[in-house]
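Below is one structure, written out as structure tokens; comments come after it.
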Amino acid sequence: MRKRNPWIGALWFCAVVLVLGAFAAQVWQASFWYPSATDVSPGPVVRFLQQIADALVSPALYVGFGTIGGLLFLHARNRARRKS
């Protein structure tokens, strides 16, 4: 039985959380693009959270997908080492 590196698992977890969190933030933010006529405008706290979501979605996606790509490269390198 192989012993797994817990840091690699933590990196996978963080990468997936970053990608899914960015996607969820973008979907949440898009829900405010077309408000119905009866809704009142969101308060200042919601506007502040929208600005934070808008600022952090792209970097979170870049870091998340970059981490996933790096981990796939690491797994491929480790597998090639074991096969040779």
Side-chain angles (χ1 to χ4, degrees):
M1 184 169 140
R2 285 189 327 211
K3 186 175 180 182
R4 295 193 184 264
N5 189 344
W7 297 106
I8 300 290
L11 278 174
W12 273 109
F13 177 76
C14 289
V16 169
V17 165
L18 279 171
V19 170
L20 292 179
F23 179 72
Q26 191 67 31
V27 168
W28 173 75
Q29 189 178 15
S31 69
F32 291 99
W33 285 348
Y34 301 107
S36 66
T38 60
D39 287 344
V40 295
S41 71
V45 174
V46 174
R47 287 185 193 266
F48 176 71
L49 291 175
Q50 284 178 327
Q51 290 173 349
I52 288 178
D54 188 40
L56 294 180
V57 164
S58 294
L61 282 175
Y62 287 143
V63 170
F65 282 128
T67 303
I68 289 172
L71 286 168
L72 289 174
F73 178 79
L74 179 69
H75 285 303
R77 185 191 62 125
N78 288 342
R79 184 175 176 95
R81 262 184 170 173
R82 283 194 308 263
K83 293 291 180 183
S84 63

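Owing to the predicted nature of the structure, the values given are computational and were not obtained by experimental measurement. The first residue of the sequence shown is numbered 1, and numbering continues consecutively from there.
Residues Ala15 and Ile68 share a closest heavy-atom pair of CB-CG1, 3.6 Å. When all heavy atoms of Pro59 and Ala55 are compared, the closest pair comes out as CD-O, 3.4 Å. The two residues Leu18 and Ala60 make their nearest non-hydrogen contact at CB-O, 3.9 Å.
Through chains of ILVMFWY side-chain contacts below 4.5 Å, Phe13 is grouped with Val17. Annotation for Leu20: hydrophobic cluster partners, listed by chain and number, are Val16 (ILVMFWY side-chain heavy atoms under 4.5 Å, direct or chained).
A chain of hydrophobic side-chain contacts below 4.5 Å, direct or via other Ile, Leu, Val, Met, Phe, Trp or Tyr residues, connects Leu61 to Leu71. By the criterion of side-chain heavy atoms lying less than 4.5 angstrom apart, applied directly or through intervening Ile, Leu, Val, Met, Phe, Trp or Tyr residues, Val19 is grouped together with Leu74 in one hydrophobic cluster.
Screening residues 47-84 for ring-ring contact (aromatic ring centres under 6.0 Å, His included), with sequence neighbours left out, gives Trp12-His75. Screening residues 43-54 for side-chain hydrogen bond (donor to acceptor under 3.5 Å, both in side chains), with sequence neighbours left out, gives no hits.
The distance from the OG atom of Ser31 to the CD atom of Gln26 is 10.5 Å, given to the nearest 0.5 Å.
Every side chain to side chain contact (heavy atoms under 4.5 Å, CB included) that Arg81 has, sequence neighbours left out, goes to Arg77, Asn78.
Heavy-atom neighbours of Arg4 CZ from other residues, nucleotides or ligands within 6.0 Å: at or below the threshold of 12.
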